[in-house]
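What follows is one structure encoded as structure tokens, with my remarks underneath.
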Amino acid sequence: MTTSAPLYQTLANTLSERIREGYWAVGSSLPSESQLCALFKASRHTLRHALSNLERDGLILRQQGAATQIISRLSPRRFTQSFNSPADILRYPRDTYRVNAIEEFIECDEALAKVLDAPIGSSWYHIGGVRKNQDSNQAIAWTDIYILPQFADVATDPEHSQLMVFEQIERRFMLKIDRAEVDVYAARADQKYADALNIDIGSACLVITRRYFDASGKLFEATVTYHPEGRYIYSMELRNTPANQ
């Protein structure tokens, strides 16, 4: 038994083919919805669903109150990155360890609220430390880790210096990460990071902020890590993915 494609997908394929063949030129406008409905004998609902597919594939641009613009004849190549575990988001060599310099209970202030997206006055446990190379003892990063207070005991774990904190939370408290957010940007080191990493104030750093959420959508850990220039490489593999996936 075979299953035919949905009407909106068939229409989307037809529209895509016409755009690809130059029936409508890049930079021009598509006919109005009423004209397209009449031309292809389709309902407005089916047409709009088809146009959504074309917009997702990067062929058209739709704006309320304006004609639909054709912006490309071909769908852009899409690349995806797959993670087997949250550890893949930020992988350190096995021959590194973290030395904690700060372990304290804190209240979220205005500055921290912007990082955590948490209410001012909420309680957190702060761990601040330097990650070092085992052979050279060179500091490769400084990390500020903020976790919910009920997880503070992870700092006493015998493997605390070797493991990522979220891994410890998962193992010890049977909590599973449902979603993670990662921000990567450049910044200059202030006095705090310069002293901890033995670099000049104002040195360029790669900064990676990670936020981990549980199945209920609650943030339970956030980290901000400063990597001095030339001491860390973040590697990832991207695979070409068909536009309809």
Side-chain angles (χ1 to χ4, degrees), residues 1-91 113-119 166 176-187 206-222 234-245:
M1 180 180 294
T2 59
T3 302
S4 59
L7 291 177
Y8 72 85
Q9 186 61 61
T10 300
L11 179 55
N13 293 342
T14 300
L15 293 171
S16 298
E17 184 176 356
R18 291 206 175 190
I19 292 174
R20 184 170 57 251
E21 293 176 348
Y23 187 85
W24 297 300
V26 173
S28 66
S29 301
L30 276 180
S32 66
E33 287 190 359
S34 58
Q35 290 174 319
L36 289 173
C37 287
L39 179 62
F40 294 103
K41 296 181 174 57
S43 69
R44 194 172 293 268
H45 174 76
T46 298
L47 174 66
R48 288 178 176 175
H49 202 157
L51 292 177
S52 293
N53 281 18
L54 266 61
E55 186 172 34
R56 180 203 63 193
D57 292 342
L59 300 179
I60 64 173
L61 176 64
R62 295 190 297 171
Q63 294 179 314
Q64 187 173 5
T68 298
Q69 297 293 312
I70 300 170
I71 60 175
S72 177
R73 290 176 58 189
L74 299 174
S75 298
R77 296 178 69 187
R78 296 186 178 187
F79 292 86
T80 60
Q81 183 179 15
S82 298
F83 296 113
N84 293 321
S85 75
D88 293 335
I89 296 174
L90 180 56
R91 183 177 297 280
K114 296 178 181 178
V115 176
L116 301 179
D117 193 20
F166 72 81
K176 295 298 181 183
I177 295 173
D178 181 72
R179 179 171 61 89
E181 297 177 347
V182 182
D183 297 328
V184 181
Y185 57 95
L206 175 71
V207 186
I208 300 180
T209 299
R210 294 166 293 149
R211 302 178 187 87
Y212 298 113
F213 301 82
D214 62 19
S216 68
K218 184 177 183 180
L219 176 72
F220 67 88
E221 179 185 343
Y234 176 52
S235 299
M236 60 181 174
E237 180 181 281
L238 301 178
R239 295 184 179 275
N240 190 19
T241 304
N244 60 357
Q245 292 186 4

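Note that the numbering runs from 1 along the sequence shown for the chain. What's counted below: heavy atoms across the whole structure, side chains too, no hydrogens, waters or symmetry copies.
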Rounding to 0.5 Å, atoms CG (L47) and OH (Y8) come to a distance of 14.0 Å
d(L30 CG, L61 CG) to nearest 0.5 Å is 11.0 Å
Heavy-atom closest pair (A113 atom, A118 atom, distance to 0.1 Å) is CB-O, 3.4 Å
Check your understanding: Using the ring of each side chain (for Trp, its six-membered ring), is Y212 parallel, tilted or perpendicular to F166, with breaks at 30° and 60°?
Key -> tilted
In this structure, CD of E33 is separated from CZ of R44 (nearest 0.5 Å) by 5.0 Å
- Message: With a 3.5 Å distance limit and no angle check, can you tell me whether Q9 reaches the backbone of P6 through a side-chain donor-acceptor pair?
- Response: no
Looking at L59, is its backbone amide N or carbonyl O close enough to the side chain of D57 to form a donor-acceptor pair, meaning the two atoms are under 3.5 Å apart? no
Query raised in the report: What do you reckon, is CG of D178 surrounded by more than 12 foreign heavy atoms closer than 6.0 Å?
Result: yes
Note: N53 and A12 closest approach over all heavy atoms is CB-CB, 4.1 Å
Contacts satisfying side chain to side chain donor-acceptor pair (under 3.5 Å) that involve residues 18-31 (not counting sequence neighbours) are S29-Q69
Checklist line | CA sep, side-chain torsions, deciding dist, call: L54, T68, side-chain contact (heavy atoms from CB on, under 4.5 Å) | finding: CA-CA 11 Å; L54 266 61; T68 298; over 6 Å; no
In short, salt bridge (charged side-chain N to carboxylate O under 4.0 Å, His left out) pairs touching residues 60-73 with sequence neighbours left out are E55-R62
Closest non-hydrogen atoms of S72 and V26, given as atom of the first, atom of the second and distance, are C-CG2, 3.9 Å
**Asked** Do L219 and D117 pass the side-chain contact (heavy atoms from CB on, under 4.5 Å) test, and can you show the C-alpha distance, the side-chain angles, and the key distance before you say yes or no?
**Response** CA-CA 9 Å; L219 176 72; D117 193 20; 5.8 Å; no
Exercise. Report yes or no: does R211 contribute a side-chain atom to a donor-acceptor pair with the main-chain N or O of V115 at less than 3.5 Å?
Key: yes
**Asked** Can you find a heavy atom in the side chain of L36 that is under 4.5 Å from one in the side chain of L11?
**Response** no
Original post:
Heavy-atom count around L116 CG within 6.0 Å, excluding the residue itself: above 12?
Top reply: yes
Steps toward side-chain contact (heavy atoms from CB on, under 4.5 Å) verdict (T46, F40): CA-CA 10 Å; T46 298; F40 294 103; over 6 Å; no
In this structure, OG1 of T14 is separated from CD1 of I19 (nearest 0.5 Å) by 11.0 Å
d(H49 NE2, S43 OG) to nearest 0.5 Å is 11.0 Å
* Tell me yes or no: between the side chains of N13 and E17, is some donor less than 3.5 Å from an acceptor? => no
